[in-house]
Amino acid sequence: MKIQDNYDEQFIIYSDKYEASRVVADEMCNVIEEIGLAGGLPVLGLATGATPEIIYKYLIEAYQKGKSFAKTICFNLDEYYPIQKENPNSFYYSMYKQLFNYIDIPDNNIHIPHIGTLDTPLHDFCKDYENKINQVGGIDLQILGIGENGHIAFNEPGSDFNSLTRLVDLDEVTRKNAAADFGGVSAVPNQGITMGIQSILQAKKIILLAFGENKGRIMNRLLYEPITPDLPASFLKLHSNCQFVLDEACAKNIKYMDIT
Ligand code: PGA
């Protein structure tokens with residue numbers, strides 16, 4: 001893969017996160033429609049966290065207006081390890097609460113790298129997750145957030161370009177940012193299961209979203225710094241079909257960027 005000459009043109013700024021989320025939700029619906037019309041099964045890569053919440057509201061709205069997700073296949077990026085499905089902080093729980101409970105996607109089409117606390121062979125689980133993505137022809141559209149430390153999914157700083165789905169140690173920044181939800185940093189799991197950098201880069205199209213002032217600093221780094229494992233999101237500059245979608249609150253903290 002080579003660095004894309006025009007990746008900076010792929011920074012797209014919307015006035016606020018609602019407008020941006022509307023555009024991305026529409027794009028997801030278009031992918032579902034186009035692939036469905038061609039007789040295929042659309043495959044979406046989904047993220048958790050605050051960033052995609054509004055997108056999921058719009059997808060539920062689309063369902064209520066007649067859109068069907070019955071033939072859509074979803075893969076989620078990551079999950080804490082260990083954690084119970086019933087824990088409201090698990091990504092499993094939040095995906096059902098924010099989206100899956102309200103649309104017609106069958107449970108069989110939902111994939112979340114949730115392994116629970118059982119003594120399951122992790123290596124086999126991770127390998128199987130990759131196989132499942134490949135068996136359905138890869139991810140058509142991958143949605144991503146970004147951590148303040150530059151992580152994508154739980155690919156923390158230091159992640160390998162060739163990494164696939166695996167168990168990782170969570171970065172201190174990631175654990176601190178999750179502390180409020182868990183009622184203290186000591187309650188945040190130390191590890192997570194995550195799709196790797198390669199698993200993500202294999203998606204046909206990627207949209208990374210960054211909303212709010214707090215994400216300005218990392219998006220500034222992403223725009224100007226070279227590709228390095230210290231900033232895992234920088235690997236996305238190698239992808240030929242990746243957009244970076246920002247709201248103005250985030251973009252105004254990017255140096256030299258003209259948002260008028
Ligand atoms: P956020 O998390 O959407 O809650 O900001 C993004 C991330 O850490 O990847």
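Keep in mind the model is a prediction, meaning the values are calculated, not measured. One-based numbering, in listed order, for ligands and for the atoms of each. All heavy atoms count here, side chains included; hydrogens, waters and symmetry mates do not.
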(request) Using a 4.5 Å cut-off on heavy atoms from C-beta on, say whether the side chain of V245 contacts that of V23. (result) no
(request) Could you please spell out the steps behind the ring pair (Phe, Tyr, Trp, His ring centres under 6.0 Å) verdict for F154 and Y80? (result) CA-CA 9 Å; F154 279 147; Y80 291 107; 5.4 Å; yes
(request) Hey, can you tell me if F75 and H111 have their rings parallel, tilted or perpendicular (30° and 60° cut-offs)? (result) parallel
What residue and atom, counting heavy atoms only, is the protein's closest point to [atom], and at what distance?
| atom | result |
| --- | --- |
| atom 5 (O) of ligand 1 | K215 NZ, 2.6 Å |
| atom 9 (O) of ligand 1 | H151 NE2, 3.2 Å |
| atom 6 (C) of ligand 1 | I146 O, 3.5 Å |
| atom 4 (O) of ligand 1 | A50 N, 2.9 Å |

(request) Taking only Lys NZ, Arg NE, NH1 and NH2, and the carboxylate oxygens of Asp or Glu, determine whether K252 and E213 approach each other closer than 4.0 Å. (result) yes
(request) Before accepting this row, confirm whether a basic side-chain N of the pair R22/E61 lies closer than 4.0 Å to the acidic partner's carboxylate O. (result) yes
(message) Taking only non-hydrogen atoms of E148, do any sit less than 4.0 angstrom from ligand 1?
(response) no
Which of the atoms in ligand 1, numbered in the order shown and given with their element, are less than 4.0 Å from a heavy-atom of [X]?
| X | answer |
| --- | --- |
| T51 | 1 (P), 3 (O), 5 (O) |
| G147 | 7 (C), 8 (O), 9 (O) |
| G49 | 3 (O), 4 (O) |

(message) Checking Q10 against I206 for the side chain to side chain contact (heavy atoms under 4.5 Å, CB included) test, could you report, in this order, the C-alpha distance in whole Å, the side-chain angles of both residues, the deciding distance, and whether it holds?
(response) CA-CA 11 Å; Q10 301 308 314; I206 299 174; over 6 Å; no
